[in-house]
Amino acid sequence: DLTFALAAMENSDSAEQGGSEQSEAQRQRQRDRLNREEAFYQFVNNLSEEDYRLMRDNNLLGTPVGEITEEELLSRLQQIKDGPEQQNANERSEESAGAEGSEEGSNGDTILDWLNSVRRTGNTTRSGHRGNQSWRAVSRTNPNSGDFRFSLEINVNRNITEQQARAEGEPLEGETEPVPGTAVVEQPMETVAAEVEEPAIIVHPEAEPPESPLLIRPPIEQLDLPDPQSPPVEEAVRRGQRRARSRSPEQRRTRARNERSRSPLNHDGVEGPRRARRSTSSQSPHHISEPQMEGSSRTRQHILSRQSTVEYDAQLDSASAEPVNAPQEVENPSDGGAGVETNSSSRRPPTIMLDLQVRRVRPGEYRQRDSIASRTRSRSQTSNNTFLYESERGGFRRTFSRSERAGVRTYVSTIRIPIRRISDAGLSEATSMALQTMIRQIMTGFGELSYFMDSDSDSDSNRGPSQSTEPTELHNTTNSTNTVNSSQESTEPRTAEERQDVASESASVPTVGREGRAGRSPISLEEPGSLPFLRLAHFFLLNDDDDDQPRGLTKEQIDNLSTRNFGENDALKTCSVCITEYAEGNKLRKLPCSHEYHVHCIDRWLSENSTCPICRRAVLVSTRES
Amino acid sequence: MQRSLRLKRELQFISTEPPPGISCWQNGGQMDDLRAQIVGGVNTPFEGGVFSLEIKIPERYPFEPPKMRFLTPIYHPNIDTAGRICLDALKLPPKGAWKPSLNISTVLTSIQLLMAEPNPDDPLMADISSEYKYNKQVYVEKAKRWTWKHAMQRNKVVDDAEDFVSVDDLCKGAEVSYKREAVCPAEEAEKSKKPSL
């Protein structure tokens, strides 16, 4: 050890001496970087408050600074300013469109950056009455890097609406609308019911079948499916516009509903029937997935997301190589009748309902689906392939359904939890056992769903290529499997297994030589662990840890802190964050403890921390819950 | 955000007005890879030694703390055999105490102080810590010997085989027995918390 350390030091010394030309180049690079940084600094200082906020909130300032040229910044600013027409007007008005950076502008950003920006920019709008709550983050996928981003939207509505009969029986009705990137889950609830309606997981593999994410997995795993083909940026933009148009109706509805006052979840308390609703919408032209979890605080979730992403990143390789199967999920579900659901929920005792919804666009059909004609047509169609099954375990009822229509495959997993189960402890405390149990249930459901989809995606991935041209025997095989499936809706567990069998058979057929599946070994039903589930469990374990993680302030909270322009006669002349002296006209932010910093310096710190960088006093004392 | 600008200023500052007993410089023109030396304090077991540290500046500096590690072996309750340092200023809040108004210079000064004043209640090296607490004389002796072995220039080159073996054994022993504890207790606790959900 010792010798090694010494040797290492000597090596570095000699390397330093030996590589003078090299370090000359390095110095040059560094100088460039410094210049860029200086330019950036100038740029930011000269921004108007409005522009600054615009850029910050859209995370266009980028990190690290030295990487971005001033021109780039300018063009980003321009883009975001021009944005409104080109971007979804809806989004913007709707939720202060937090993370909606322009795709083109964000090519250097990493997932982490984005997640950070979500924390900073996640919607914190609280509006409306009766304590409705919502927050939202939007996802993006960077076409250049294949970066994955997701969006979250959580709405907690306490107002009570009547339950629509469509609860599970036909959850596909509105949701299957092939509107790209839209998954607005609208499920008004029965009068006494509380409903936490969850999470749409939307997957839009956009690239053509061969290597693209044919396998649907839970979001984590989708992380490892960067778009292999990186469609040109213009294309992405075009899509964005299309999307903007197409998704508006739903969004508007959602908004109307949510534009009421929000209060933190814990204010909601348990006192009354509550309706918690989450829906998600995504804008990514690529696949998007949105892990969701029962919300405690916004920040917490964000942190969680970040951690888990890191976590999953680490697992990516192994994850993609692992055989995805986990048949064990099927163990318990009792055979549930298809369609039984339809009206039953309105007669049940109050429940909190958790919906996991996964939608998937079959790659081959994506474009076609985009046309208004096909959209209209598909809307009027009855779903051609829908089935669901249900299980009851530990008092939690879960339902799975799948439907397919016009290239959009929708998976819905619904978990109903009787409200009495959680009413004692309530949701007020994020760490309460009740909530944890509930979360675990969600995730279990999620795991099952992913199993479901995995098995499904096998048949699907078989079908994929045949659609795209080469009809093979395999094609027929899988088609028949599907037929079998749809005729056996009510015995889903078995069906799923069968299907896996078929899939594994076909996986060994040499003709299925697509990269997407290359790493997959034939599925063995003996494989004991449900990988997705385990990972998701881990996800929540991580979440649990977050309680003592730093929590940043919301954008709103930050903006509420006072600012002023620097004047020559001020006492403290240096910003402690960047250790740069203030210049005339610099915009400073003053914390309650009277310490001041450059706005852009302190804003970044406060987005992840809540104390003053000098005195460590909490920036928010009483305002925390307001 | 202002990483390299800030670093540049910090390095300027540290070279013009270095804290006593501390020096810091760029390692081979890399802005984010620094080296530092801390001179062992007078009246400490490290007196006469010069301890080298590796400093890695994270991308998000100063919003994240710099990563510092001893390159020179040191016998200390809060520094493990890999050179990792258990110091709150090197970690983000709320567990840690890093804040952007700290800088490399101040953190190095904190480390210098930590060397002189170990914190046995937050030990990284449990055995050294209890030795420090209950058998300080032995601790001081060992620390001095390590200093003499590893941190004094004249001894670096000399290959005193006999002594070297013994120190080496010591290292190995330490490594074997501490490997599992080579994490801060806080982090340990964190780990053990996870499965409890």
Side-chain angles (χ1 to χ4, degrees), chain A residues 1-3 5-6 8-9 12-13 15-16 19 22-27 30 33-34 37-38 40-41 44 61-66 116 436 440 537-538 540-545 548-551 575-580 595 597-598 600-602 604-605 608-616, chain B residues 1-10 13 25-33 35 52 54 59-64 70-73 81-83 92-103 146 149-150 156-157 159 164 167-168 170-172 174-175 186 190-191 193-197:
Chain A
D1 251 9
L2 157 69
T3 36
L6 291 178
M9 281 182 60
S12 65
D13 283 347
E16 203 172 338
Q22 195 194 346
S23 69
E24 183 46 47
Q26 274 174 350
R27 255 174 235 124
Q30 238 169 56
R33 194 188 161 98
L34 279 174
E37 215 171 275
E38 221 124 13
F40 169 86
Y41 205 62
V44 172
L61 292 175
T63 51
V65 167
N116 284 332
Q436 285 183 5
R440 210 175 307 162
H538 192 49
F540 274 98
L541 291 173
L542 280 172
N543 184 26
D544 211 32
D545 252 33
D548 38 22
Q549 286 296 307
R551 292 177 183 195
C575 171
S576 315
V577 174
C578 60
I579 42 178
T580 308
H595 289 120
Y597 311 87
H598 284 122
H600 52 277
C601 293
I602 193 63
R604 177 142 179 226
W605 173 253
E608 288 152 39
N609 296 275
S610 53
T611 55
C612 170
I614 292 175
C615 64
R616 291 213 183 93
Chain B
M1 196 178 274
Q2 296 76 22
R3 189 175 85 132
S4 45
L5 257 189
R6 180 178 151 141
L7 270 176
K8 197 178 90 175
R9 292 203 175 88
E10 280 198 41
F13 181 77
W25 63 95
Q26 284 185 42
N27 183 34
Q30 299 275 14
M31 193 56 121
D32 54 3
D33 187 11
R35 290 288 181 274
S52 296
E54 171 196 80
E59 201 59 43
R60 293 164 40 69
Y61 185 81
F63 301 101
E64 275 178 12
F70 271 88
L71 296 173
T72 310
T81 46
L92 271 172
K95 279 175 185 142
W98 169 256
K99 49 185 184 177
S101 59
L102 296 179
N103 56 51
W146 278 50
K149 277 296 153 216
H150 305 297
K156 274 186 181 174
V157 201
D159 190 10
F164 202 83
V167 170
D168 222 31
L170 207 59
C171 286
K172 273 180 198 151
E175 240 177 53
E190 184 185 342
K191 270 182 206 150
K193 243 172 70 186
K194 282 178 187 171
S196 66
L197 177 91

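Here is the naming used below: chain letters follow the sequence lines, and residue numbers restart at 1 for every chain. All figures in this text were calculated on a predicted structure; none of them were measured in a lab.
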Asker: Let me confirm one number: the OG-CH2 distance from B:S101 to A:W605, rounded to the nearest 0.5 Å.
Answerer: 8.5 Å
Asker: Minimum heavy-atom separation for B:R6 and A:V577, please, with both atom names.
Answerer: NH1-O, 2.5 Å
Asker: Does the side-chain contact (heavy atoms from CB on, under 4.5 Å) test come out yes or no for A:I579 and B:F13, once each step is laid out?
Answerer: CA-CA 11 Å; A:I579 42 178; B:F13 181 77; over 6 Å; no
Asker: Please round to the nearest 0.5 Å and tell me the distance separating atom NZ of B:K99 and atom CG of A:N609.
Answerer: 12.0 Å
Asker: Heavy-atom distance under 4.5 Å between the side chains of B:R60 and A:E608, does that happen here?
Answerer: yes
Asker: Answer with side chain, backbone, both or neither: which region of B:E10 has an atom nearer than 4.5 Å to a non-hydrogen atom of chain A?
Answerer: both
